[in-house]
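In the text below, chain A, chain B and the rest are named by the order of the sequence lines, each starting its count at 1.
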There are 2 protein chains.
Amino acid sequence: MALSPRKQQILKLIIDDYIHHPEPIGSKTLLSRHDIGVSSATIRNEMAELENLGFLEQPHTSAGRAPTHLGYRFYVDALMQPPILTAYEAERFSSVLNEKITNHDRLVEQLSVALSEITGYTVAVLRPEIKKAYLRHIELLPIDSQNVVIVMVTGEGIVKNKLIRLDMGIQPQIIYRLSRILQERLIGLSMAEISLSRINEIRSVMSTNHSVLAPVLGFISEVFEHEDERDVFLEGASNLFRFPEYSDLARMQAFYRFLESKRGILSFLSEPSPRIRVAIGEENGYEELRDCSTVTGTYRLGSLSAGRLAVIGPTRMDYSKVVGLVDYLTRRLSTIMHREEEYNEQETRDLARYY
Amino acid sequence: MALSPRKQQILKLIIDDYIHHPEPIGSKTLLSRHDIGVSSATIRNEMAELENLGFLEQPHTSAGRAPTHLGYRFYVDALMQPPILTAYEAERFSSVLNEKITNHDRLVEQLSVALSEITGYTVAVLRPEIKKAYLRHIELLPIDSQNVVIVMVTGEGIVKNKLIRLDMGIQPQIIYRLSRILQERLIGLSMAEISLSRINEIRSVMSTNHSVLAPVLGFISEVFEHEDERDVFLEGASNLFRFPEYSDLARMQAFYRFLESKRGILSFLSEPSPRIRVAIGEENGYEELRDCSTVTGTYRLGSLSAGRLAVIGPTRMDYSKVVGLVDYLTRRLSTIMHREEEYNEQETRDLARYY
DNA sequence: GTTAGCACTCTCGACTTTAGAGTGCTAAAA
DNA sequence: TTTTAGCACTCTAAAGTCGAGAGTGCTAAC
């Protein structure tokens, strides 16, 4: 279905207009706004054909035409101008990145706030899974006779901890011993490698003291298995109120409920997807996102699994701009974290001396 | 302004009705729904007087009457029936409390989810400040030559940590030494007591190694000073869509923006307030909460400062029910945590042997 | 293939009408 | 003095009417 250049031109003009001014547009209006070399009647004919092809639709007979989801799809694939970042936008991100925030979660959150501000849409972030990380450090700290803190540090510098309350008192010596054993056997392994067999190995060495062992090993597997911690960060949800397409309260509520429950948006973000994915309406695969478009970017944080960052807006989204921003941002995030990762590996090698 | 019993009865009936069916109610309708011993004309007269007194208002001349904020205030203070928890509600909370969640944040979050479900309103939680906690344990863990993890545990079992990246490599021995010094000088102190002078004391002892010291001491003060960590937990914000009083999109957006920014709701929750506070409309003190009522409960977590838990709903809130739930929940939270706290102090005393 | 012209369609806002709920007032009853 | 029946009056909300305006599709001429 190769579209004639003129049809493409007309489709592009309609969508460009519609993105900023969401009202069905007629042949005359289009002509009055743009310098096309033909008359309104010709445009009318072209538009009728574009409608037959499924790229445009009329809300009713005597109205102008609006893009369909298929129209947007074609626009995204073939028509929209290549995204360009403005100096302001790049600057806005850089200023966050230059703050030298050491906590990855915070950094990504701050960037999301910026992204949501710039685009005026909603941003959702799924942080990388920790499952595939390798363990850089593990330590048990006896706090008192019945409380032990377990601290784990991944290669990427993510620290996880938990206070474990034991049923019966245990001497610190035993804790220290277990701590050393865990260090000897687990440090340097990726989480995939800390399998049941290794844990059982430890269990046999420490056979005397099951009462510490059970919760400790429980926590380790919890950190790396459980998705609980993987909550979604949301920013700018209230932005969508701006758009007339969300003036239907019932729909808005369904949408909000979807975001709020976090389950839905989590599973949406967890789906495999290319580095940059644009999904329009039903393409999202969720009833609640039927009236939305999303631009999802994947970033990599060291050896961790992919993190995801999605911009959610109306289907008449400014695709060019959003794709540009998401692409830029995830790229920068990945390289920054990649650099850190290399740095850490270097360090870890140096460190070997101490052990 | 002592109201006659009959006026009180009529006001109560109107509000009881209005809470579940938010339409201005007229004398005849009221009579048809309830068995009052007088005619509609009498009720009409009483209602006219209640309006003069400011307890009721008419949207327009020929409509029924609806409660004013003053009316709700009187209702809350004098009319509503004492709150009773249903078996289901108590059971719902107990099932969460019995899960033995060790992380306080999670526990309070789960309870908020239950509270929001039961009430159908929005719940906001401000976690206790950590500032007043006493330090049960502090430890520096060298991870490699340039990375140190600092771990702090409060009396309540709250664990805080951070990975500190140093500009230059430092031998683990030095880290261990600093760790011991911190332990000797800081453990057991309340955070108020870890003043600048004590920190300077440490600085003089460790004069040689400023490069570790600065970020470590920085983190300590950050943990206990900064409000950053005190983010607000929100649950059930989308519930409010149900209510016809929120069908005005612009208002809804302002409200959502308020919740989302977290600044506003944080400062709202930070205000001093009695154990249970009911605020109606303007009483909330925030423009964005002008159309809402809030029931705020304070709970205490060990020696920490107060945590706050607020139910936010329309002004025609089911006050009796909500007050009962908030009261019950904050009480149970406080006692549970109080018990834990005693337990911990016991433990800490026992522990003294080890040091 | 393109365009001017024209009859036709449909929505949206403005205006009108009407049913119904509710009121306040008055005068009679308790 | 308080309560009540009765009634004229008020106001809204929903339904109906109407005309302007934007846009279309078709036809015939360029």
Side-chain angles (χ1 to χ4, degrees), chain A residues 2-11 13-15 17-18 20-68 71 244-245 247-249, chain B residues 2-11 13-15 17-18 20-68 71 244-245 247-249:
Chain A
L3 255 47
S4 75
R6 195 171 62 196
K7 279 203 187 60
Q8 294 196 15
Q9 182 200 13
I10 289 173
L11 183 56
L13 288 175
I14 290 174
I15 295 183
D17 275 16
Y18 195 81
H20 299 108
H21 192 71
E23 264 153 32
I25 190 167
S27 51
K28 276 183 194 160
T29 315
L30 192 70
L31 193 60
S32 72
R33 289 199 203 144
H34 303 279
D35 198 17
I36 319 173
V38 292
S39 76
S40 71
T42 309
I43 295 174
R44 211 144 52 231
N45 289 332
E46 296 285 48
M47 283 169 82
E49 283 188 59
L50 282 168
E51 181 173 1
N52 283 337
L53 291 169
F55 294 122
L56 295 177
E57 68 186 347
Q58 278 182 301
H60 53 266
T61 328
S62 72
R65 288 178 169 95
T68 61
E245 37 268 83
S247 54
D248 178 5
L249 265 198
Chain B
L3 254 48
S4 74
R6 194 171 63 197
K7 281 203 184 61
Q8 294 197 15
Q9 182 200 13
I10 289 173
L11 182 57
L13 288 176
I14 290 175
I15 295 183
D17 275 17
Y18 194 82
H20 299 108
H21 192 70
E23 265 154 33
I25 190 165
S27 50
K28 274 183 196 159
T29 315
L30 191 69
L31 194 61
S32 74
R33 289 199 205 144
H34 303 279
D35 198 17
I36 319 174
V38 293
S39 75
S40 70
T42 308
I43 295 175
R44 211 144 52 231
N45 289 332
E46 296 286 48
M47 283 170 82
E49 284 187 60
L50 283 168
E51 181 174 0
N52 283 337
L53 291 169
F55 295 121
L56 295 177
E57 70 187 345
Q58 277 182 303
H60 54 267
T61 328
S62 73
R65 288 178 169 96
T68 61
E245 37 269 82
S247 55
D248 177 5
L249 265 199

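Considering only side-chain N and O atoms, B/Ser39 lies under 4.0 angstrom from the phosphate OP1 or OP2 of D/dT4.
Look at NE2 on A/His60: it is 5 Å from C1' on C/dC10, rounded to the nearest Å. Look at CD1 on B/Ile43: it is 17 Å from P on C/dA21, rounded to the nearest Å. Atom CG of B/Leu31 and atom C1' of D/dT4 are 12 Å apart (whole Å). Rounded to whole Å, the distance from CD on B/Glu23 to C1' on D/dC11 is 16 Å.
At distances below 3.5 Å, at least one donor-acceptor pair connects side-chain atoms of B/Gln58 with backbone N or O atoms of B/Ala63. Judged purely by atom type and a 3.5 angstrom limit, A/Thr68 uses its side chain to pair as donor or acceptor with the backbone of A/Gly54.
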Steps toward side chain to side chain contact (heavy atoms under 4.5 Å, CB included) verdict (B/Arg33, B/His21):
CA-CA 12 Å; B/Arg33 289 199 205 144; B/His21 192 70; 3.9 Å; yes
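Between A/Arg65 and A/Glu51 there is a salt bridge, since a side-chain N of the basic residue sits under 4.0 Å from a carboxylate O of the acidic one. Taking the charged nitrogens against the carboxylate oxygens, B/Lys7 and B/Glu49 do have a contact shorter than 4.0 Å, which makes a salt bridge.
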Walk along nucleotides 22-30 of chain C from 5' to 3' and tag each nucleotide B, S or - by protein heavy-atom contact under 4.0 Å, base first, then sugar-phosphate.
SBB------
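Side-chain contact between B/Ser4 and B/Glu46 is present, with heavy atoms from C-beta onward closer than 4.5 Å.
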